[in-house]
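Below is one structure, written out as structure tokens; the observations come after it.
When a ligand or atom number is given, it counts from 1 through the structure's own listing order.
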Amino acid sequence: MVQLHELILRDAHQSMLATRMRTEDMLPIADKLDQVGYFSMEVWGGATFDVAIRYLNENPWERLRKLKEAMPNTPMQMLERAMNIVAYWNFPDDIVKKFIHLAKKNGVDYFRIFDALNDLRNMEVPIKTAKEVGAHVQACLSYTISPVHTVDYFVEKFIELEKMGADSLCIKDMAGMISPKRAYDIIKGVKDAGVKIPIDLHSHYTSGMTGMAYQRAVEAGVDILDTAISPISGGTAAPPTESVVAALKDTEWDTGYDLKLLIDIRKYFLKVWDKYRHLHRFNALKFDPSVTLHQIPGGMLSNLIFQLEQQGAHDKYQEILEETARVRAELGYPPLVTPTSQVVGVQAVMNVLHGRYEVIPKETKEYCKGMYGRPPAPIKPEIMKKVLGPNWKEEVIDCRPSDLLEPMWEKRKSELKEYPDIELTDENIMIYAIYPQVGLKFLKGEAQAEFTSDQLPLPINHPLTRAMVKQSFPEVKEIWLETEPPERRVSTPQIPTEYEVEVDGELFEVKVVPTGGFTVAAATASTPEKPKEIEGGVKSPMQGTILKVKVKKGDKVKVGDVLATIEAMKMEQEIKAEKAGEVKEIYIKEGDTVSSGDIIMQIL
Ligand code: MN
């Protein structure tokens, strides 16, 4: 018998609907889902925590409690990113431990724990803690293809994870690249090595060969498969639950699940799918077998194309593909999953736009220092020298990255005490500890729930609608109704989220905000208008948001001084002075969006 792990309440909508499914969409069907008899149900973790507080004005802890109450018979699982927990950066051990305690207390039964680099040191603390609180630990390895990621590599690490106390294992093929042969060989290898605990295969349909991979996995003795109810399956999401159940029926691997009940559940999720139709992306629904060739995950690929477009270099597509593969090899073949996919992707874009390793984002440096964990293969000295400088050896850490972090819980707790209106519960402190800005806004009651398709003030194909969608979902490049004729499907305009509107001869600045309405921006302290060309003009090397302005008018700077930091492609980079002189004028302020080549300062 094979069992299924159901993804409809987490990975499915994270893959297809930008993680926007709400608790109100889940509860009406919870009772039916609870009757299926799944191995477990994924309900939490990944991006759901962030999206709930950032876009849905929903308390993620409350979702967990409500789902637990509504599905008492099904083990509830969360995806836990080792020391990144449910975010994208490293947290100290005290936060990781506390988080797992709270998650268990609020309803998580199974913890699926993974590390982007498969550095088992990063997984030790969460595994140990989850065991301590009496939860089931599903230890997970990120799947990728490279000369170091052999079948033996995976088998050896799985044996190690069993020794570390895991209750079950999982191959996390987040990019949907696993071939039938690889799936068979790894699972067979694990079984032949005498591993006793069950093994699960998690994949996405991206490559188009996942159904075959699942069949071979079953033949090799896989115990659990990851699937999602069909309306939010296929393409960049997982294989459909009902189809897998039907395919295994009357075989020795029969799940025993009630297909009629599943089809009932399917009908419900068709409506949920339609509720978020402004988020449908045709390309996400299609197979992309090119992944088998270039091995870049679909999500990362569309992000790279988007970044190129933003930097005005969409003609460099082929070059980017090749450079991504080169950078990944040079950085020791990290699996391309958040956050390492970001490190590799942005470095590749920088290399193509500015020359190889001429611009090095902070994240690449951190990665090479070992702050994400140990790269799967060693990085060559010449690359280390380029990234970290001639004294690179002194910068590299040998310990677990978390060993360098100060405990954070008490500090965050006392900071939150400054807000007497916020109830000082452990759950609230955790929201604030993990997402200090967005979390605080949520806790203060200032967050607003985003629109759904029916609440859009304008037709879905209207340019302003697209601009609104684009502001919330930079990865969405084109939206249209499926019923629309192809000639009317126009690409989303390039982020025109701010407009100047004339009303009775007076000029207003109008901002499109993601809550569905329009706000008229208040007059803000303005900076002088950016000149096109000017003597001593410092240009922004890329499109992005100014995070910090590090100098003020009148400051004397020398070559290499940091003038400002800019966030581009979700990464922070420094803009440095190329000439010494005095800061004569500053044309930007923190929070401004700049384009590549915009003059941000004058230094003479
Ligand atoms: Mn996934």
Side-chain angles (χ1 to χ4, degrees), residues 4-21 38-51 76-82 84-88 110-118 138-145 154 168-179 182-183 186 199-211 213-214 217 222 224-241 244 279 281 283-285 287-288 291 295-303 334-342 475:
L4 302 184
H5 171 58
E6 177 59 57
L7 305 175
I8 188 77
L9 302 183
R10 205 285 300 176
D11 195 333
H13 64 105
Q14 187 171 326
S15 299
M16 293 275 211
L17 296 175
T19 331
R20 295 314 204 261
M21 202 190 284
Y38 290 115
F39 172 77
S40 52
M41 170 86 56
E42 190 180 46
V43 296
W44 218 59
T48 59
F49 197 94
D50 181 10
V51 171
M76 299 215 301
Q77 195 184 105
M78 79 160 288
L79 180 67
E80 201 272 345
R81 298 168 172 149
N84 299 340
I85 316 180
V86 287
Y88 311 93
Y110 291 12
F111 288 84
R112 175 177 284 179
I113 298 165
F114 83 101
D115 175 67
L117 293 174
N118 295 328
Q138 186 170 81
C140 199
L141 291 178
S142 310
Y143 177 76
T144 189
I145 304 167
F154 288 106
S168 63
L169 302 170
C170 175
I171 306 170
K172 181 180 164 63
D173 175 28
M174 57 278 164
M177 312 193 283
I178 203 164
S179 70
R182 291 281 287 182
I186 294 172
I199 185 159
D200 185 335
L201 176 58
H202 172 93
S203 187
H204 292 245
Y205 232 130
T206 322
S207 69
M209 50 183 182
T210 313
Y214 272 25
V222 84
I224 309 141
L225 291 170
D226 280 20
T227 60
I229 294 288
S230 59
I232 316 184
S233 76
T236 55
T241 304
V244 172
L279 297 175
R281 282 168 290 155
N283 285 340
L285 296 169
F287 298 130
D288 180 12
V291 75
Q295 296 169 10
I296 299 172
M300 181 179 172
L301 193 63
S302 51
N303 199 27
L336 297 176
V337 61
T338 312
T340 47
S341 54
Q342 202 64 21
E475 73 275 20

All salt bridge (Lys or Arg N to Asp or Glu O under 4.0 Å) counterparts of Glu6, not counting sequence neighbours: none
Asp173 meets the side-chain hydrogen bond (donor to acceptor under 3.5 Å, both in side chains) criterion, sequence neighbours left out, with Ser203
Check side-chain hydrogen bond (donor to acceptor under 3.5 Å, both in side chains) between Thr19 and all other residues, then give those that pass, not counting sequence neighbours. none
Nearest heavy-atom neighbours spanning Met16 and Leu285: CE-CD2, 3.7 Å
Value rounded to 0.5 Å, distance of NE2 in His204 from CG in Leu7: 7.0 Å
Sub-3.5 Å donor-acceptor pair from the side chain of Ser168 to the main-chain atoms of Ile199, do we have one? no
Provide the protein N, O or S atoms situated under 2.8 Å from the Mn ion (ligand 1); waters are not included. Asp11 OD2, His202 NE2, His204 NE2
